[in-house]
Amino acid sequence: MRNALLSLLLLLPLTAAAQIDASSTTLDAQQELKELRARLDKIEGAPLKASLSAFNPAMGMAIDLAYQHMKNDQGAFQFRAAELNVEAPIDPFLKGWAVITGTSGGTTTVDVEEAALQTTSLPYNLTVTGGRMFAAFGRLVHWHDHELPVTQRPLSIDSFVGGESRADGIEVSYLFPTDTYINATAGMYDKIGADNTRQDPAGLRSLDQFTYLGRLSTYEDIGDDHSVELGVDSAWTPKRFVTGTTNTRKDTWRTLSSVDFTYRYQPTQGGLYQGIVWGTEILQNDERRFDANNNPANRVNAYSGYSYIQAKMGPRLRPGVLVDLAEGLDQARQLTKTYSAFLTYDVSEFQRLRVVYSRQMDNIPGSRQANIVALQWTGVLGHHVHGFRDR
Amino acid sequence: MKFMLTEKTMKNELLALTLLLVAVSLTARAQAAGALRVVATVPDLVDITNRIGGGLVKVDGLAKGAEDIHQVVMRPSFVTKLNKADAVVFLGLSVEHAFLPGLLDVAANPKMRQDPATQGCVGTGCIDTSEGLSVLEKPDTLSRAQGELHPQGNPHYNIGPDQGPLLARNIAKGLSRIDPVHAADYKRNLKEYLAELEPKIALWRKWVAPLKGLKAVSFHKDVCYLGRFTGIDFVDTLELKPGVAPTPTHLEALVREMKEQDIKLIVREQQYDPKVCQWLADQTGAKIAVIGTMANAFPGAETFEKISERNLKALLAAVGKEPS
Ligand SMILES: [Zn+2]
C-alpha cells in the first residue's frame with residue numbers, strides 16, 4: 001500500500017515534468033520535489049495513531065497468583081484472579097467499562113465485577129455513573145484486590161464492607177470549582193459489598209431497603225513535595241431485608257461510616273522513584289444484628305480500621321508495614337489484630353512480585369495466633385492506565 | 001470518637017450539602033470570562049504559550065521540569081487547574097501518559113476529556129503540539145517486549161532545538177481556534193516570537209558544526225531529535241529499553257561497544273542516575289554532558305530558548321569545544 005503510494009507520488013511529477021518544455025522546468029521541478037518531500041514526510045512522519053485504535057475498546061488483563069503458607073506448615077497456591085477489563089468511549093458524552101473476573105474459591109467462578117456507564121461531558125462539574133461499579137466508599141475499600149498494597153484484603157474492610165465495595169446502582173459526583181480539590185459523591189444502590197448478604201441482591205425492594213451513600217473528599221498539596229487526602233462518608237440503609245422471620249422489629253437501619261486520611265511524600269526531583277504513602281482508614285458499623293435463624297438480636301456498634309506506611313525506595317522496591325484492627329460485628333469486644341510487613345518488587349511497569357508476612361491474633365479465649373506468609377505475582381496485559389486514584 | 005449519624009441529622013446534612021452545591025455552582029457560573037485559562041503540561045509549553053498568548057492568556061504548568069516526564073506525579077492541584085481550564089497544551093505522542101490521561105479522567109471538564117481507548121485528549125480545548133511533526137523512531141511493532149514507553153514513536157521532540165517553531169505554530173493555531181476573536185493577536189505574537197527564535201536556531205546550527213558525526217550514548221532514548229539537529233550519532237542507551245533500568249550485563253556490553261567504536265561522549269539527562277554514568281565514563285574514558293529534557297530542568301533555564309542553548313553548550317563543553 002505504502003509502496004504503491006510512493007511510486008505514484010514519484011511518477012506523477014515525472015510525467016508532469018515530461019509534458020512541460022525544458023526551459024522552465026528546472027525551478028519548477030525543484031519546487032515540486034520539495035513539496036513531494038514534504039508530502040512524503042507527512043506519510044512517513046505521521047505518528048502511529050491508527051494502530052492505537054480509535055474505535056476498538058482498550059482491553060487489559062491482570063493476572064494474580066499467590067502462594068499462602070499458613071500455620072502447621074501447610075500451604076496452597078491460589079490462582080486468585082484473572083481480571084479482564086474493557087473500556088471505551090461510547091459517544092462524546094458517555095464512556096463505558098466492564099471488569100470480568102475469574103476467581104477460584106474452591107471452584108472457579110466467572111463474575112461481572114463491574115459494568116458501568118459514565119458521563120464525560122455533563123455541565124457544572126457533574127459526573128453520573130450507573131450500573132455495577134465499586135461504590136465510592138472509603139479508600140482501599142473500592143480498590144480491586146490486585147491493586148491493594150498487601151496480598152490479603154485487610155480484615156477491617158473485608159468484614160465490615162463484605163469484600164470489595166461492589167454495588168449495583170447509580171452515583172453522582174460533583175467536583176467543586178475551587179482551587180482545592182473537593183469532591184462530593186451521592187449514591188443509591190441495591191447494596192454495597194460483593195459478599196454482603198444483608199439485602200437480597202436480585203429482588204425488588206421498597207425505597208427504604210436501598211443503600212444511600214454520601215461522601216466528601218478533599219486533596220491538598222502542601223508545598224511541592226507533600227500532599228494530604230481526607231475523606232468522610234456514610235452509607236445508610238434505612239431498613240434491612242430479612243427473610244424467614246416474622247418478628248422483625250422496626251429499627252433495622254444500618255449505617256456504615258468511615259473516615260480516611262492519606263499523607264504522601266513525593267519529591268519532585270525523584271519522580272515516582274522515591275516517596276512515602278501513609279494511609280489510614282477507620283470504619284464504624286452500626287446495625288441490628290440477626291442470629292443464625294434470622295431472629296433479631298442486639299444493635300451493635302463496632303469499629304475497625306487499618307493504618308499502613310509504604311515507602312518507595314528507588315524505581316523497584318516498595319517496603320511497608322500495615323496494622324489492622326477489627327472488632328466483631330456481633331460482639332464489639334471481640335478484637336482481631338493483624339500485623340503485616342510487606343515488600344513489593346516492581347519488575348517492570350507491568351509485572352510485580354510481593355512477599356507479605358502477617359501475624360494475626362484475636363482475644364477470643366482459646367484461639368491461637370496465626371502466622372501467614374504470602375507470595376504474590378501479578379502481571380498486567382494490554383491496556384494499562386495510571387489512574388489518579390491509585391497514583 | 002463517635003461519628004454516628006442518625007437518620008435525622010443525615011437528612012439535614014444531605015439537604016445542607018445540596019444547598020451548598022447549588023450555591024457553589026451558581027458562583028462558578030457568575031465568574032467572568034476574562035483571560036483564556038490555559039494549562040500546559042511542561043515548562044517549555046508554558047513558556048511558548050505565554051509568548052504566543054501574551055496578556056490574553058493565563059498559563060498554569062503541571063510538570064516542574066526536573067522530573068522524568070515518564071514519571072510525573074499527579075498532584076491534586078493539577079485536577080482543579082484542568083477543571084477550570086479553557087485549553088490544555090501538551091506534547092502528545094503519549095509522552096504525558098503518566099499523568100495527563102489520569103488527570104483528564106477526573107477533571108470533569110467537557111472541553112478536555114480523556115479518551116479511554118487511545119488515552120488521548122478529546123474536546124475543543126485540546127492543543128496537541130505534535131501535529132505535523134515528522135516523528136522519528138516509530139516502532140515496527142507494538143510490543144511490550146520492546147518496552148512500551150514510546151508506542152507512537154519517539155515523543156521527546158521538545159529536546160530538538162529546531163522544534164520550537166513547530167511548538168509555537170501549533171500553540172498559535174490552537175489558541176486561534178479556541179479564541180478566534182484574538183486570532184490576529186496570536187498571529188502577531190507568533191511572528192514576533194519566530195523572529196526572535198529562528199535567527200537563534202540558525203546560530204545554533206553554526207555552533208554544533210564540530211559535533212557532526214560524533215558517536216555518543218545517552219541514558220534514555222530521548223535524544224534522536226537532538227541528534228538530528230547536532231549531527232551526533234546516538235548509538236545506544238544505558239537503559240536496556242526505554243523505561244527499563246540498566247542491567248549489569250547490558251552495561252558490560254555497552255563498555256565493550258563504546259571501546260570498539262571509540263565512543264567518547266555520554267549524554268546524561270539530569271534526572272537520571274549520575275553514579276552509573278560516572279562508572280561508565282571511568283570504564284571508557286568518555287566525557288559526560290548533562291542535559292535537561294524540559295525547560296526549567298536547571299535553574300535559570302526556564303524557557304525553551306534557554307534550555308536549548310544550555311544543552312548545546314553542555315555538549316560542546318564535553319568535547320572541549322566552545323560555541324562560535
Ligand atoms: Zn522516553
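Just so you know, these numbers use all the heavy atoms, side chains as well, and skip hydrogens, waters and symmetry mates. Protein chains get the first letters and strands the later ones, always in sequence-line order, with residue 1 at the start of each.
Taking the six-membered ring where the residue is Trp, His220(B) and Tyr272(B) present tilted rings, their angle falling between 30° and 60°.
Take Asn296(B) and apply the side chain to side chain contact (heavy atoms under 4.5 Å, CB included) test, not counting sequence neighbours, and it matches Pro43(B), Glu302(B). With sequence neighbours left out, Asp60(B) forms a side chain to side chain contact (heavy atoms under 4.5 Å, CB included) with Val39(B), Lys58(B), Lys81(B).
For chain B, no part of Asn183(A) is nearby; none of its heavy atoms comes within less than 4.5 Å. Neither the backbone nor the side chain of Ser173(A) comes within contact range of chain B, judged by heavy atoms closer than 4.5 Å. In this structure, no portion of Ile182(A) lies under 4.5 Å from any heavy atom of chain B. In this structure, the portion of Ala107(B) lying under 4.5 Å from any heavy atom of chain A is its backbone and not its side chain. Residue Thr127(A) touches chain B through its side chain alone, counting heavy-atom pairs closer than 4.5 Å.
With rounding to the nearest 0.5 angstrom, the OG atom of Ser258(A) is 11.5 Å from the CG atom of Asn285(A).
One side chain, Asn125(A) or Asn83(B), offers a donor N or O that lies under 3.5 Å from an acceptor on the other.
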